[in-house]
*Asks:* 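Before we start, here is the structure in question, set down as structure tokens.
The analysis underlying the following values was restricted to heavy atoms, covering all of them including side chains, and did not include hydrogens, waters or symmetry mates. None of the values given here were measured: they were computed from a predicted structure.
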2 protein chains.
Amino acid sequence: MAGSTSNRPLRDALEDDIVTGRLSPGDRLDETTLAARFGVSRTPIREALRQLAAAGFVDIRPHRGAVVSAPEPRRMIEMFEVMAGLEGMCARLAARRLLPEDEARVKATLIACRKAARAGDTDAYYYENEQFHRAIYAASANGFLAEQAVGLHKRLAPFRRLQLRVRNRMRASQQEHEAIVSAIFAGDADDAERLITAHVSVQGERFNDLMSSLTKSPMKAG
Amino acid sequence: MAGSTSNRPLRDALEDDIVTGRLSPGDRLDETTLAARFGVSRTPIREALRQLAAAGFVDIRPHRGAVVSAPEPRRMIEMFEVMAGLEGMCARLAARRLLPEDEARVKATLIACRKAARAGDTDAYYYENEQFHRAIYAASANGFLAEQAVGLHKRLAPFRRLQLRVRNRMRASQQEHEAIVSAIFAGDADDAERLITAHVSVQGERFNDLMSSLTKSPMKAG
DNA sequence: AGTCAACTTATTGTATACAATCTTGAGCAT
DNA sequence: ATGCTCAAGATTGTATACAATAAGTTGACT
């Protein structure tokens, strides 16, 4: 919607590199290097970096260049908290407004998750889980809300990746999915919101635990 | 936070023009004209416009230039709905976490609103109302959430302006403020969220009414 | 007279050149 | 040896020139 210009492919390619982990938080984004890599001049690279900075994927400091955003643990937790809140809104609205096409999409993605979970295929589950959550965003019947949710989801992707294969998390996650969908299909907005908020908050809490365990053992390291 | 570069003043100036209404939704943003106005070349102007586009203040279509964002009524309503949700989150968290300094700030801005309301000074009330809402965002003790709320608040400002001086709205608004603060100070998260969500939703609903009254009278106009 | 097409004009998109700022490293003093 | 100063190098920020695309206009043809 916003920022649809002809250097859009550049922006998308860089964003994808960040979201999928080919570029890691903290990595430097040298304009000349990127220009050479994409076979263009620095000008469109700069414009793409500015857009990514405005969207929060990149950090630009004056005269010191761009780096992939690497939020402090504190801010990270805040972001997960907002993510939980946005998903709560989505689930609440979905429970109130669910259209047949959205119901079908949610059902289909839930089944795909179930299949991946039973097969113990974490890679497949990661993908299907994302589809499931996007289906719920869409089911809110609020396109703007869905965009915000997708945007924040992307920003958090590099950090969720770190804690993907937590022991037995997949099975518990899928049980939560089932309960969430039951609530939405039953039109129980309060339950749907409560359940999905808890479901998403787990990620933030696990991240929190991870961070504090990392920052406590090496003394003042970092 | 994001996008702090040396052409930041440009970005801020343009954003301010949009937020305060010096530029209206739909207005064309000619690069050469802007460059002349700010006494710079087109390059930094373009970068500022790209950032504003990524933040949603501006719409850019390839080879066709930038215009101040003019969302469809449908999208507008969606944005107000998300605003209500974000403020609900803020109030809920504020009720749970309120720190003394945030309590003081909320109290001070509430009193300023009360004063403006009693004086019947709509301009003052508009300003103090904004301060009040920002105080609640800050009281959430979630800096990221507060940023998101401020950002969306700014994007909606050009449209809230249209419905400012609705008859008697100021008095009702202030009564709602008082109830919201009571709930937050009492630590009643559910009430705080419910009250502020309703308070903000009123704006979206009024906007909705306004739009439908405008689009219904002229047949298929536009 | 109306419509379509090609041309002119204006505006955006990209590349390159130059200026300003930061970083880095060597040399010197303490 | 350590820290500081200053200069050389590298990188970002801005201006300008040129290329590509869209909009507006004039003219011919039906």
*Asks:* Looking at A:Arg155 and A:Glu15, is there a salt bridge between them, counting it only when a charged N and a carboxylate O are closer than 4.0 Å?
*Replies:* no
*Asks:* Is there a side-chain contact between A:Ile111 and A:Lys115 (heavy atoms, below 4.5 Å)?
*Replies:* no
*Asks:* How close or far is atom P of D:dT11 from atom CD1 of A:Ile45, stated in whole angstroms?
*Replies:*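 In whole Å, D:dT11 P and A:Ile45 CD1 are 15 Å from each other.
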*Asks:* To the nearest Å, give me how far apart CZ (A:Arg8) and P (D:dT21) are.
*Replies:* 20 Å
*Asks:* Salt bridge between A:Arg97 and B:Glu81, side-chain N to carboxylate O under 4.0 Å?
*Replies:*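 Answer for the salt bridge query: yes.
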*Asks:* Salt bridge between B:Glu47 and B:Arg8, side-chain N to carboxylate O under 4.0 Å?
*Replies:* no
*Asks:* A:Leu34 has an atom CG; how far is it from atom P of D:dT11, in whole Å?
*Replies:* 12 Å
*Asks:* Report the distance from atom CG of A:Asp59 to atom C1' of D:dT12, rounded to the nearest whole Å.
*Replies:* 16 Å
*Asks:* With a 4.0 Å limit, can you tell me whether A:Arg28 has a side-chain N or O closer than that to the phosphate oxygens OP1/OP2 of D:dT12?
*Replies:*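 For D:dT12, OP1/OP2 do have a side-chain N/O of A:Arg28 under 4.0 Å.
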*Asks:* Roughly, in whole Å, what's the span from CD in B:Glu31 to P in D:dA22?
*Replies:*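 After rounding, the reported distance stands at 15 Å.
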*Asks:* Between protein and nucleic acid, restricted to nucleotides 21-25 of chain C and to nitrogen or oxygen atoms under 3.5 Å apart, what atom pairs and distances do you find?
*Replies:*
unit_1 : atom_1 : unit_2  : atom_2 : d
C:dT23 : OP1    : A:Arg64 : NE     : 2.7
C:dT23 : OP1    : A:Arg64 : NH2    : 3.0

*Asks:* Which nucleotide sits closest to the side chain of A:Asp30: D:dG13, C:dG13, D:dT11?
*Replies:*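 Selected nucleotide (nearest to the side chain): D:dT11.
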*Asks:* Closest-nucleotide mapping onto DNA chain C: is B:Leu29 or A:Gly39 further toward the 5' terminus? I mean the 5' end.
*Replies:*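 Per heavy-atom nearest nucleotide, the more 5' residue is B:Leu29.
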*Asks:* Check whether any side-chain nitrogen or oxygen of B:Arg46 sits under 4.0 Å from OP1 or OP2 of D:dT16, and answer yes or no.
*Replies:* no
*Asks:* Let me know the distance between CG of A:Leu10 and P of C:dT14, rounded to the nearest Å.
*Replies:* 8 Å
*Asks:* Does B:Arg134 come within less than 4.0 Å of B:Glu87, counting only side-chain N to carboxylate O?
*Replies:*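 Judged by the 4.0 Å cut-off on N to carboxylate O distance, B:Arg134 and B:Glu87 do not form a salt bridge.
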*Asks:* Ion pair present between A:Arg37 and A:Asp30, side-chain N to carboxylate O less than 4.0 angstrom?
*Replies:*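 So A:Arg37 does not pair with A:Asp30 through a salt bridge.
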*Asks:* Should A:Arg105 and A:Glu101 count as an ion pair when the cut-off is N to O under 4.0 Å?
*Replies:*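 Looking at A:Glu101 together with A:Arg105, the answer is no, because their closest N to O distance does not fall below 4.0 Å.
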*Asks:* How close or far is atom P of D:dC18 from atom CZ of B:Arg42, stated in whole angstroms?
*Replies:*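 Distance check: B:Arg42 CZ to D:dC18 P gives 14 Å.
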*Asks:* Counting only side-chain heavy atoms from C-beta out, which of C:dT14, D:dG13, D:dT16 sits nearest to B:Ser41?
*Replies:*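 Out of C:dT14, D:dG13, D:dT16, the nucleotide with an atom closest to B:Ser41's side chain is D:dT16.
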*Asks:* OP1, OP2 of C:dG13 versus side-chain N and O of B:Arg50: anything below 4.0 Å?
*Replies:*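 Checking B:Arg50 against C:dG13: at least one side-chain N or O falls below 4.0 Å of OP1 or OP2.
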